[in-house]
Number of protein chains: 2
Amino acid sequence: MALHYDEIVRTGLSKQVADLIRAAILEGRLQVDERLPSEDELSRRFGISRPTVREALKVLAAQNLIRSRRGPTGGTFVNRPDLDAAGRAIAEASTLLVGVGTFGVDEIVTARIETEAICCRLAAANRSDEDLARLEAEIVIQRDEGLTDEAFCASDVRFHRAIVTASGNGPLRLMMHTVIESFIPVTNMLIFGEHERRRSVGSHARVLEAIAARDAERAAQEIRGHLEGMRAVLIQALDRRASRAVAGAAEGGETE
Amino acid sequence: MALHYDEIVRTGLSKQVADLIRAAILEGRLQVDERLPSEDELSRRFGISRPTVREALKVLAAQNLIRSRRGPTGGTFVNRPDLDAAGRAIAEASTLLVGVGTFGVDEIVTARIETEAICCRLAAANRSDEDLARLEAEIVIQRDEGLTDEAFCASDVRFHRAIVTASGNGPLRLMMHTVIESFIPVTNMLIFGEHERRRSVGSHARVLEAIAARDAERAAQEIRGHLEGMRAVLIQALDRRASRAVAGAAEGGETE
DNA sequence: ATTCTTTTAATTGTCAAACCTTTTTCATTT
DNA sequence: AAATGAAAAAGGTTTGACAATTAAAAGAAT
C-alpha cells in the first residue's frame with residue numbers, strides 16, 4: 001500500500017493551529033471583532049494543550065491579527081486591519097533590511113527621488129489647506145537654528161510624511177512607509193551640519209510653494225533637485241569616510 | 001511622595017523578553033547566525049518559566065528574526081534579514097488591508113500607474129538581456145488562448161514582477177511587493193475575459209519593446225496607457241456590479 | 001581501517017494541572 | 001444610593017515531566 005506521506009506531520013502543532021486560525025480570519029470565517037473561543041476551549045477543540053494554543057495565538061498577535069484581554073468579558077478577538085499597524089509592520093521589515101546594509105546609498109536615493117516625485121505631483125493636485133498648514137509648520141520648526149540634529153531630522157521625516165499624506169492616495173501612503181521610516185532616516189544620518197540644513201529648508205520651502213500653487217511639475221522638479229543635491233553630498237561624505245578608513249588602516253590603526 | 005506609576009509593569013513577561021531580545025538583535029549585540037542560549041538557559045537567566053520564554057521566541061520567529069532547530073547542534077539562531085522574507089511580510093500586511101476594502105479601486109490604479117511607470121523607466125535604462133528574456137517568456141505564455149484565467153493572471157503578475165526586477169533597484173523592488181502581490185491581484189480579479197486578455201498582451205508587448213529599445217519615456221507611456229485602459233474597464237465592471245446589486249435589491253432579493 | 005549501526009545526549013516540541021492576576025458582575029453592607 | 005467586597009471568567013505564568021529530533025560519539029561488522 002502506498003503511504004500517505006501527507007499525513008506525516010512535518011510542521012509543529014502550534015504552527016498548524018496558527019495557520020488554521022489565520023486562514024479562518026483571512027477568508028472571513030472569523031469576522032472582525034469576533035471573539036474566538038477561550039484558550040481552554042481551543043485546546044480542547046484542537047486536542048492540544050493550552051501552552052501550545054498560546055504559542056499559536058502569540059504568533060497571530062505578533063502579526064496584528066488578534067488581540068487578547070483578560071477578565072470575564074475578555075478573550076481573544078479578531079483585529080480590524082488598519083493602515084497604521086500595517087505601516088509599522090512594513091517599516092520594521094524594511095528598517096531591518098536597510099540596517100544590515102542590504103542596499104547601496106545610491107539606489108536608495110534613486111528610489112527616494114522617483115517615489116517622492118510622484119507624491120509631490122499628486123500632492124500638488126490633491127492637497128488640502130490642512131496639508132499646507134502641516135508642511136508650513138515643519139518648515140517653521142526647521143528654520144530654528146538652535147534645533148538639535150535629531151530634532152531637525154525628525155521634522156524632516158514629518159515634512160516628507162506630510163507630503164505623502166497630502167497626495168491623498170492611501171495605497172501610495174502605505175508603500176511610502178518604507179521610504180519615510182527607513183530610507184529617509186538612513187540618508188539623513190550622514191548629512192548633518194549647518195550648511196546642509198539651510199539648503200534643505202530652502203528646498204522644502206520651494207516644494208511647499210509649488211504644492212501650494214498646485215504646480216505638479218515644479219513640485220516634482222524641486223524635490224528631485226533637493227534629493228539630487230543630497231545624493232551628491234552623501235557620496236562625498238561616503239568618499240571622505242572611505243578615505244579616512246584607508247588612511248587609518250595605512251597608519252596601522254585597526255578600525256575595530 | 002509622588003508615586004512612580006512607571007514602575008508598575010503593564011506588559012506581559014513574554015512581551016518584555018521578546019522586546020529585550022529583539023533590541024539585542026537590532027542593535028547588533030546578537031550577530032547574524034549567532035546562537036541564543038537554550039530555552040532552559042534563557043528561562044533561568046530571565047527568571048521566568050520556559051513556556052513564557054517560548055512564547056517570546058515564537059513571536060520573534062513570526063517576525064523572521066530567529067529560527068529554531070532541534071537536536072544537539074540545534075537551538076535558536078539569529079536570522080539574516082533577507083529581501084524575500086521582508087517582501088513576504090510586506091505583501092501579507094498589505095494584502096490584508098486590501099482584502100477588507102480599505103482602498104478604493106481608483107486610488108489603487110493610480111498608485112499602480114505612477115509606481116509602475118517609474119519601474120518601466122528604470123527598467124529601460126538598466127535591463128539586462130536576461131530580464132528581456134523573462135518578459136518575453138511571459139508574453140509567449142499569455143498569447144496561449146487555452147490558458148485559464150488564473151494562469152493568465154499569474155503570468156501577468158510575473159510579467160510585472162520582471163519589470164520591477166529589471167529596474168535593478170533593490171529598495172524599489174522591496175516597495176513594489178505591495179503593488180505586485182496585493183494591488184495587481186485585486187485589480188486583475190475583476191477584468192477576466194477574452195477581449196481584455198488580448199488587449200493586455202498587446203500592451204505588454206509594446207512595453208517590452210520600449211524597454212528592449214531602452215526608450216524610457218515610451219515604456220512609461222505604454223504602461224500608463226495599459227493601466228489607464230484597465231482603470232476604465234474596472235470602473236465599468238464596478239458600475240455594472242453596482243447596478244445589478246441595486247436591481248436585485250429592488251426585486252426584493254436580499255444581497256446577503 | 002573503514003563503514004555501518006547503535007547509543008547517547010542536547011535541544012526544541014508538547015503536555016497536564018495547577019496557581020496568579022486582571023477585570024467584570026453582582027450581591028452585600030453602610 | 002453608594003461604596004465595598006466576593007465570585008467568576010479569562011488570559012498570564014509556573015512547574016515538572018515526557019516526546020521527538022538530530023548530530024555526534026561509541027561500538028560492531030566487514
Side-chain angles (χ1 to χ4, degrees), chain A residues 3-22 24-25 30 33-79, chain B residues 3-22 24-25 30 33-79:
Chain A
L3 290 173
H4 290 243
Y5 288 104
D6 294 355
E7 293 178 10
I8 297 176
V9 175
R10 279 247 150 272
T11 61
L13 286 178
S14 72
K15 184 167 187 333
Q16 291 179 54
V17 170
D19 289 345
L20 280 173
I21 298 177
R22 184 186 301 107
I25 293 174
L30 286 169
D33 288 332
E34 185 174 340
R35 211 200 105 163
L36 275 68
S38 74
E39 298 181 350
D40 237 336
E41 177 70 23
L42 283 174
S43 68
R44 255 175 285 131
R45 294 235 197 131
F46 286 114
I48 63 179
S49 70
R50 222 187 105 192
T52 305
V53 168
R54 281 180 60 77
E55 283 181 7
L57 294 180
K58 281 283 171 187
V59 166
L60 298 177
Q63 297 172 340
N64 279 305
L65 286 167
I66 58 172
R67 61 183 182 279
S68 293
R69 250 194 7 249
R70 288 202 266 209
T73 61
T76 304
F77 301 84
V78 178
N79 271 343
Chain B
L3 290 173
H4 290 244
Y5 291 104
D6 294 355
E7 293 179 10
I8 299 175
V9 175
R10 282 246 151 272
T11 60
L13 287 178
S14 71
K15 184 168 187 331
Q16 291 179 53
V17 169
D19 289 344
L20 280 173
I21 298 177
R22 184 186 300 109
I25 293 173
L30 287 170
D33 288 334
E34 187 175 337
R35 210 199 109 164
L36 275 68
S38 74
E39 297 180 352
D40 238 333
E41 178 69 24
L42 283 173
S43 68
R44 254 176 285 132
R45 293 231 197 135
F46 286 114
I48 63 179
S49 70
R50 227 188 101 198
T52 305
V53 168
R54 282 181 58 79
E55 284 181 7
L57 294 180
K58 282 284 172 186
V59 167
L60 298 177
Q63 296 171 341
N64 278 306
L65 286 168
I66 58 171
R67 62 182 181 279
S68 293
R69 247 193 9 246
R70 287 201 268 211
T73 62
T76 303
F77 300 85
V78 178
N79 271 343

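Worth knowing before you read on, the calculation uses all heavy atoms, side chains too, and leaves out hydrogens, waters and symmetry mates. Just so it is clear: chains get the letters A, B, ... in the order the sequence lines come, proteins before strands, and each one is counted from 1.
- R45(B) pairs by the salt bridge (Lys or Arg N to Asp or Glu O under 4.0 Å) definition with E41(B), not counting sequence neighbours.
- S68(A) is linked by a side chain to side chain donor-acceptor pair (under 3.5 Å) to T76(A), counting only residues two or more places apart in sequence or in another chain.
- Between the R69(A) side chain and the T73(A) main chain, a donor and an acceptor come within less than 3.5 Å of each other.
- Rounded to whole Å, atom C1' of dA10(D) lies 13 Å from atom CG of L36(A).
- To the nearest angstrom, P of dA10(D) lies 10 Å from CZ of R44(A).
- Computed from coordinates, the D40(A) CG to dG12(D) C1' distance equals 13 Å when rounded to whole Å.
- Proximity of T76(A) to the phosphate of dG11(D): a side-chain N or O atom is located under 4.0 Å from OP1 or OP2.
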Return a single string for nucleotides 13-18 of chain C, one symbol per nucleotide in 5' to 3' order, where B is base contact, S is sugar-phosphate-only contact and - is none, cutoff 4.0 angstrom on heavy atoms. BBBB-B
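- Partners of R67(B) under the salt bridge (Lys or Arg N to Asp or Glu O under 4.0 Å) rule, at least two apart in sequence or in another chain, are D33(B).
- Residue R35(A) is in sugar-phosphate contact alone, with no base atom involved, counting any heavy-atom pair closer than 4.0 Å across all strands shown.
- In terms of the salt bridge (Lys or Arg N to Asp or Glu O under 4.0 Å) criterion, residue partners of D19(A) (sequence neighbours excluded) are, by chain and number, K15(A), R22(A).
- For R50(B), the salt bridge (Lys or Arg N to Asp or Glu O under 4.0 Å) partners two or more places apart in sequence, or in a different chain, are E39(B).
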